[in-house]
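Residue numbers begin at 1 in each chain, while the letters A, B, ... track the order of the sequences. Just the heavy atoms: all of them, side chains too, but no hydrogens, waters or symmetry mates, feed the values below.
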There are 2 protein chains.
Amino acid sequence: MAALVTVGEFSRLTHLSVKTLHHYHEIGLLAPVSVDPSSGYRRYGTTQVDTALLIRRLRELRMPLAEVRELVETPDSARREETLRAHLERMEQELAHTRDVVTSLREMLTPGQPALDVDYRFVPAFRAYGVRDQVEREQIGPWCERTFGRLGAIGAEYGILATPGATYSDDFFTEDTGEVVAFLPVAPDQVPADGVEIVDLPGGFFAIGVHSGPLNDFDRTYGALGSHVAEHCQVAPGPIRELYVVSPGDVDDPAAWRTEICWPIQRIPAPKG
Amino acid sequence: MAALVTVGEFSRLTHLSVKTLHHYHEIGLLAPVSVDPSSGYRRYGTTQVDTALLIRRLRELRMPLAEVRELVETPDSARREETLRAHLERMEQELAHTRDVVTSLREMLTPGQPALDVDYRFVPAFRAYGVRDQVEREQIGPWCERTFGRLGAIGAEYGILATPGATYSDDFFTEDTGEVVAFLPVAPDQVPADGVEIVDLPGGFFAIGVHSGPLNDFDRTYGALGSHVAEHCQVAPGPIRELYVVSPGDVDDPAAWRTEICWPIQRIPAPKG
DNA sequence: ATTGACTCTCCGGTTACCGGAGGGTGGAGG
DNA sequence: CCTCCACCCTCCGGTAACCGGAGAGTCAAT
């Protein structure tokens, strides 16, 4: 009953190019019903149109072919829904991200960025409750939310008033994934607590820049501080620290947020004449 | 004043990977201030951090590097704004498109599509006012709006009540760009009008499927009709026609829209016993 | 002088195809 | 039956924007 058609015809039915259909055949995503053994001509069935259109739709959503395959090969409709929903969530996230980037771009193109002033400080070694994890750049938002939620709860339990912070390994920035340690300073004799470890952070000199306001141009402050350090100081080994002086957990208004970025340096540079 | 740093350091300042920086150097988008002639080591200036971050932001918006280059190399801020705005517009468009695709996907994954019934008809040759253009798939929406706006205005002027339509060359679907002719039938002795040509559409047999409702799953109706034709008819050469029986220009409610898709066939097939 | 962290270039691979060369097929017309 | 033309095949290379790794050179400190 279902007629067999050539690639060209199938292409017209599905609005997928012949090249694309060849490709899908090659990778085994959408194989024709039969292939003439002598001529190599592909024959598609008209019942495949629906599958082809489904694939086309998913591709329009920029879904990678690997996921598309997973989806079209899964007969279980619950799991299909699941995969799809996950993808949509990613797209929503991307969209939100886009909006952020756009606003920060606007600020960037209209010049007049205020100069960052940098503070030098010696920070003694201290002990803290810590949560250590290998985190991907993209996941850092949710991770922080979870982790500082937990740390905050423990802090409240023990009546700790210290400012929380985190250290970020270089890899985290350059490889898009690396070790992050969220910490909440405690007294040296503090008892262990559930779900967190005790970490000892080394002391040293730091160049410190303060980022105020929403986080969408955080990297500019970061770059400005880094530039300053490169120009005026000798960097020291060790991860960069951030101190969340006023964080999203404290107040809702993004304008009030304050983060201190602490860049390890060898010593405090001599002021210029 | 501005210190020179190595790629690695610059990478840390900008959160661009070393590989990426190499790439940008190679294509001349962001060249280091100097390159050591003996060792080949790159030296970046801290003043380049801002440019690098700008590039990073634009890339996060998926802007192609060619455009990014255009933008960062343009000192004229008006033109920069222009390029940026154009890009944002494209993204908005893409977003809207995404929403459409998603809704139609939902419908697709929950089965139960009503069978399309196909009508056979002989359509005599007729004359029409026509607008012929080479159109890209992506541009078809705005193009139709413009073109049918114009045709509608001319039709109103002459008191023409006919149903407008369009023909689409095969290339339009398979190559993503091809000839489209929007037409509005007129009497054979109709006088020429400004901005449109007189076209004569050949008569013949057609298999006709009606698509009702919003256009987001238009291609499914299209595929269903094509499948039907492949199974029951012999196709005839010539472009596919669409007749806009009830179009967005007539009513705002998408549910009321009706489009007839006309697939050229050799003859009306004999009904099956 | 050696270590170890860093850097260089070059080559290949990735994803989802597109374009074209060079050659075989299939049905229609002469 | 032959020829034509549209269609089809495979194979090769290219695209964008990088990533990964090999093999080798470099820098600063110990």
Look at [X] and [N] and indicate whether a side-chain polar atom (N or O) is within less than 4.0 Å of OP1 or OP2.
{"X": "A/R59", "N": "C/dC17", "answer": "yes"}
{"X": "B/S17", "N": "D/dC19", "answer": "yes"}
{"X": "B/Y24", "N": "D/dC18", "answer": "yes"}
{"X": "A/R42", "N": "D/dC8", "answer": "no"}
{"X": "B/T6", "N": "C/dT7", "answer": "yes"}
{"X": "A/H22", "N": "C/dC17", "answer": "no"}

Expressed as a whole number of angstroms, how long is the span from [X]:[atom1] to [N]:[atom2]?
{"X": "A/R62", "N": "C/dC17", "atom1": "CZ", "atom2": "C1'", "result": "14 Å"}
{"X": "A/L58", "N": "C/dC17", "atom1": "CG", "atom2": "P", "result": "12 Å"}
{"X": "B/L30", "N": "D/dC18", "atom1": "CG", "atom2": "P", "result": "12 Å"}
{"X": "A/H25", "N": "C/dA16", "atom1": "NE2", "atom2": "P", "result": "18 Å"}
{"X": "A/R69", "N": "C/dC17", "atom1": "CZ", "atom2": "P", "result": "13 Å"}
{"X": "B/H23", "N": "C/dT7", "atom1": "NE2", "atom2": "C1'", "result": "19 Å"}
{"X": "A/E26", "N": "C/dC17", "atom1": "CD", "atom2": "P", "result": "12 Å"}
{"X": "A/K19", "N": "D/dT10", "atom1": "NZ", "atom2": "C1'", "result": "9 Å"}

- Query: Looking only at heavy atoms, what is the nearest atom pair of B/D219 and B/N216, with distance?
  - Reply: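 So the two residues come closest at OD1-O, 4.2 Å.
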
- Task: Provide the closest heavy-atom pair for A/M63 versus A/R59 in the form atom of the first, atom of the second, distance.
- Result: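 Heavy-atom minimum between the residues: O-NH1, 2.6 Å.
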
- Item | 5' priority, DNA chain C, between B/D176 and B/V35 [closest heavy atom] |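 Of the two residues, B/V35 wins.
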
- Any chance the rings of B/W263 and B/Y120 have centres within less than 6.0 Å?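 Between B/W263 and B/Y120, the centre distance exceeds or equals 6.0 Å.
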
Is a salt bridge present between [X] and [Y], judged by a nitrogen-to-oxygen distance below 4.0 Å?
{"X": "A/R57", "Y": "B/D217", "answer": "no"}
{"X": "A/D36", "Y": "A/R43", "answer": "no"}
{"X": "B/E82", "Y": "B/R85", "answer": "yes"}

- State which residues pass salt bridge (charged side-chain N to carboxylate O under 4.0 Å, His left out) with B/R121; sequence neighbours excluded, sorted by chain then number.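 Scan of B/R121 (salt bridge (charged side-chain N to carboxylate O under 4.0 Å, His left out), adjacent residues dropped) gives B/D119, B/E260.
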
- Query: For the helix from C/dA1-D/dT30 to C/dG30-D/dC1, how many degrees between its two end axes (five pairs per end), to the nearest 10°?
  - Reply: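 Inter-axis angle at the ends, rounded: 30°.
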
- Query: Closest to the A/Y41 side chain: C/dG24, D/dC18, C/dA16?
  - Reply: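 Ranking C/dG24, D/dC18, C/dA16 by closest atom to the A/Y41 side chain puts C/dG24 first.
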
- Task: Might you work through the side chain to side chain contact (heavy atoms under 4.5 Å, CB included) test for B/L13 and A/F173, ending with a clear yes or no?
- Result: CA-CA 9 Å; B/L13 296 183; A/F173 297 117; over 6 Å; no

- Query: Closer to the 5' end of DNA chain D via nearest nucleotide, is it B/A66 or B/S39?
  - Reply: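 Final value for this comparison: B/A66.
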
- Under 4.0 angstrom, heavy atoms only, what part of the nucleic acid is A/V7 near: base, sugar-phosphate, or nothing?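 Contact class for A/V7: sugar-phosphate only.
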
